[in-house]
Amino acid sequence: MNFKMQGVENVRLRLEKACATAGRDPATVKILAVAKKHPAEKIREAYGAGLRDFGENGVQEALDKQEQLSDLDICWHFIGGIQSNKTRDLATHFHWVQSVDRVKVLNRLSAQRPADQSALNICLQVNIDREPQKSGVLPEGVAELAAQAARAPRIRLRGLMAMPRVSDDPAQTRDSFRRVRELFEMLRGQGFTLDTLSMGMSADLEAAVQEGSTLVRIGTDLFGPRPGAAD
Ligand SMILES: *Cc1c(COP(=O)(O)O)cnc(C)c1O
């Protein structure tokens with residue numbers, strides 16, 4: 001039996017509604033709980049309410065939490081910017097890295113993935129709105145990076161991750177998500193077997209689901225505002 005947690009209940013309901021509107025089966029959209037800046041106990045609580053996938057954007061913060069939660073069967077996703085001197089930690093301690101955006105990082109992750117672990121699941125992060133301050137491969141570079149990922153022996157390319165430009169206009173946001181989906185479909189058309197379209201956060205879950213997201217990354221709506229700073 002799962003324990004109840006209000007945030008988890010709310011997000012599940014919201015996701016069900018979004019799926020109903022989009023004519024989709026809620027079982028095809030997974031919730032990735034983003035607990036960055038929140039203490040490990042929040043993750044334990046959400047785990048108790050049934051969530052299994054957790055995302056972090058800071059390496060050290062994630063490693064600390066993993067140590068505190070080593071008794072739980074969590075699937076850990078890294079979703080933050082990647083410095084190449086941190087790839088060994090990522091290759092060793094995560095099940096997924098969703099923010100791969102360049103070939104150097106890709107090859108280091110592949111080379112550093114321990115032999116006794118299965119291939120590292122990755123998504124390519126796409127800078128869909130070409131924002132200079134954001135990481136991610138530009139749309140025209142996606143096909144080449146995907147081809148490199150397919151050649152990396154210890155990497156399993158699962159799909160794309162993106163964060164659209166922040167906008168008050170839901171139509172703009174939805175258009176960004178649509179362009180990510182088109183890239184995803186283009187890759188599939190080229191023969192890549194992909195199953196993960198990681199898009200949608202607390203502010204734009206509905207638009208992402210409309211455009212085919214299979215994984216929504218939710219922080220604020222699950223855990224409340226992040227303690228301390230704006231990020
Ligand atoms: C923080 C973060 C999220 C979650 O954002 P919320 O608005 O709190 O739901 C999702 N994706 C990435 C990459 C993040 O850094």
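Computed from a predicted structure; not experimentally measured. Atoms within each ligand, like the ligands themselves, are counted from 1 in listed order.
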Less than 3.5 Å apart, any donor N or O on the side chain of Gln68 or Asp64 sitting next to an acceptor on the other?
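Short answer, no.
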Between Arg44 and Asp71, does at least one N-O distance fall below 4.0 Å, as a salt bridge requires?
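Salt bridge between Arg44 and Asp71, a charged N being under 4.0 Å from a carboxylate O: yes.
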Electrostatic pair Arg178:Asp175 at N-O distance under 4.0 angstrom
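Between Asp175 and Arg178 there is a salt bridge, with a charged N closer than 4.0 Å to a carboxylate O.
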Evaluate Met161 for polar contact with ligand 1, using N/O atom pairs at a separation under 3.5 Å.
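No - when backbone and side-chain N and O of Met161 are compared with those of ligand 1, no distance drops under 3.5 Å.
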Less than 3.5 Å between some nitrogen or oxygen of Arg217 and one of ligand 1, yes or no?
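N/O-N/O distance below 3.5 Å exists for this pair.
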Return the option from Lys36, Met201, Arg226, Glu56 holding the heavy atom at the smallest distance from atom 10 (C) of ligand 1.
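Heavy atom nearest to atom 10 (C) of ligand 1 belongs to Met201.
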By number and element, which atoms of ligand 1 are closer than 4.0 Å to a non-hydrogen atom of [X]?
| X | answer |
| --- | --- |
| Ile79 | 11 (N), 12 (C), 13 (C), 14 (C) |
| Thr220 | 6 (P), 7 (O), 8 (O), 9 (O) |
| Ile218 | 9 (O) |

Parallel, tilted or perpendicular: which fits the ring planes of Phe94 and Phe78, with parallel below 30° and perpendicular above 60°?
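Geometry flag for Phe78 against Phe94: perpendicular rings.
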Is it true that, when you exclude Arg88 itself, more than 12 heavy atoms of the residues, nucleotides or ligands shown sit nearer than 6.0 Å to its CZ?
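No, CZ of Arg88 has 12 or fewer neighbouring heavy atoms, counting only those of other groups under 6.0 Å.
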